[in-house]
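Here is the structure we will look at, set down as structure tokens.
Residue indices begin at 1 and follow the sequence shown. As the structure lists them, so they are numbered: ligands from 1, and atoms in each ligand from 1.
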Amino acid sequence: MSAKEVVVAVAGATGAVGREMLKTLEQRNFPASKVIALASSRSAGKTVPYRGGELVVQELTEKSFEGVDIAIFSAGGGTSQKFSPHAVKSGCVVVDNSSAWRMDDRCPLVVPEVNAHALEKHNGIIANPNCSTIQMVVALQPIHEAAKIRRVVVSSYQAVSGTGQKGIEELEKQVRQLFNMQDPDVSVYPYQIAFNCLPHIDVFLDNDYTKEEMKMVNETVKIMEDPGIKVTATTVRVPVFYGHSEAGNIETEKKITAKEARVILSRAPGVKVLDNPRENIYPMAIDAAGEDEVFVGRIREDETIANGLNMWVVADNIRKGAALNAVQIAEVLVAEGLLGVKDPDMFL
Ligand code: 25A
Ligand code: L14
């Protein structure tokens, strides 16, 4: 990494992902001369931990980005849509964790292990993909390079922390209530999530898929830059606090054995293979929580088709699925000298 030090703002610093972003900047020794914590007026004046001390949270306004080189946003789609254009106007590069800019042609959608090169042509706003998509493409890209993927059928088992602090609190509270013979309060999800599975993440669309499912379909094609990859998804909320799990069935053009896939994946960036059925070794959400890698196991050939694999992919949705991926993008921007914006008015 170059010696240059930059001024960084974290927008949505009080949220579940925002706090993890600060922790990740600290742990990875990000070359920041200054870090500014921004959130809504509700949180202004509160403090958030950073590097053994505390940052006082400032209210996010259109003027927050003067003198700021990089802003990492995790403040929801509406907030990003409203404030990111002003950040760019100030010459600040935005890395946004919401779904607001992901499918916008002006904005690269980046997972550094897969398509870091897309950052070279950025216009000031870079989108961080959906958590479920990120961990999936980290595992798919090496298989695609070896055998060309045609179709993926994926089912997800997603943690409540994806919904932020309020999702974590809802599961915790319902478990406590049920153990005390009380009716659970249902407010964040449409039904009880404790001891239950909900085949419903984000909103339903006209095609009867959820928005979360269609993010996996569309974002995968944009990140892997191949419209030939057909994805179909079922996304499910499960009563897990941290870590999304995914069962994927992958059909390839070329034959690839399970053994070959294990070797390819064990050499792939950001991946850790945990796959030894004889010893009961496979990835689990409770082990992935707090870790940086995408864990892959249960790799086996699909015996019903000529060229197919099944695998189980697990990662910490708040780290690789959100905060870590965004910080990795910021690291590439600094290391490759990709700061600054060409057209400050592009998004206004
Ligand atoms: O929840 P919101 O409203 O979407 O806000 C998220 C963050 O953005 C800030 C907000 O500040 C928070 O930091 N924000 C919202 N509107 C803003 C605005 N107009 C804004 N910042 C500037 N201008 P806040 O002041 O509203 O802070 C309160 C936040 O604290 C958390 N919280 C709630 N109850 C809590 C609590 N913390 C402790 N104890 C409690 N009792 C909560 O943060 C609240 O918003 P959160 O974790 O629920 O927010 C996470 C947001 O990010 C999304 N998300 C989560 N994971 C992912 C993700 N998005 C993409 N990928 C992911 N992997 C969540 O959906 C949620 O929107
Ligand atoms: O990044 O789990 O688009 O409720 C929004 C919904 C992240 C997950 C996104 C959830 C998602 C989130």
Side-chain angles (χ1 to χ4, degrees), residues 11-12 15-21 72-81 84 94-104 107-111 125-138 154-172 174 186-194 196-205 209-223 231 233-246 285 288-289 294 313-329:
V17 173
R19 286 170 187 273
E20 194 69 27
M21 284 170 168
I72 315 181
F73 271 71
S74 189
T79 305
S80 176
Q81 225 140 22
S84 298
V94 172
V95 181
D96 179 50
N97 191 45
S98 79
S99 60
W101 306 99
R102 289 177 190 155
M103 298 312 293
D104 188 316
C107 305
L109 181 65
V110 176
V111 177
I125 300 178
I126 295 141
N128 199 60
N130 170 261
C131 36
S132 307
T133 310
I134 293 176
Q135 68 181 66
M136 180 171 75
V137 298
V138 168
V154 61
S155 296
S156 71
Y157 305 69
Q158 298 186 216
V160 294
S161 55
T163 322
Q165 198 58 42
K166 58 186 184 297
I168 297 169
E169 281 163 20
E170 177 108 329
L171 175 57
E172 229 170 58
Q174 288 181 357
V186 171
S187 68
V188 174
Y189 303 111
Y191 301 98
Q192 175 187 323
I193 182 61
N196 201 8
C197 297
L198 308 176
H200 177 182
I201 296 181
D202 211 334
V203 296
F204 281 102
L205 303 173
Y209 282 79
T210 62
K211 196 172 167 194
E212 186 79 352
E213 287 161 351
M214 295 313 293
K215 286 178 220 166
M216 294 186 80
V217 172
N218 297 318
E219 293 179 18
T220 299
V221 167
K222 182 167 174 180
I223 300 161
V231 178
T234 302
T235 58
V236 182
R237 182 82 62 197
V238 296
V240 165
F241 285 108
Y242 295 98
H244 289 355
S245 305
E246 296 173 352
V294 172
V313 179
V314 183
D316 185 327
N317 54 303
I318 300 294
R319 267 189 94 80
K320 185 55 188 168
L324 172 62
N325 197 71
V327 171
Q328 286 177 310
I329 291 172

Closest to atom 10 (C) of ligand 2 among Arg237, Gln158, Lys215 (heavy-atom distance): Arg237
Any donor-acceptor pair under 3.5 Å from Thr220 side chain to Met216 backbone: yes
Under 4.0 Å to a heavy atom of Glu212 - the qualifying atoms of ligand 2, by number: 11 (C)
Interfacing atoms of ligand 2 (cut-off 4.0 Å, heavy-atom, Cys131): 7 (C), 8 (C)
Donor + acceptor pair across side chains of Tyr189, Thr163 (<3.5 Å): yes
Residues, nucleotides or ligands: over 12 heavy atoms within 6.0 Å of Tyr209 OH: no
Lys166 contact mode with ligand 2 (heavy-atom cut-off under 4.0 Å): neither
Lys/Arg N to Asp/Glu carboxylate O, Lys222 vs Glu219, below 4.0 Å: no
Under 3.5 Å: N/O of Arg102 near N/O of ligand 2: yes
Any Asp202 side-chain heavy atom under 4.5 Å of Met214 side chain: no
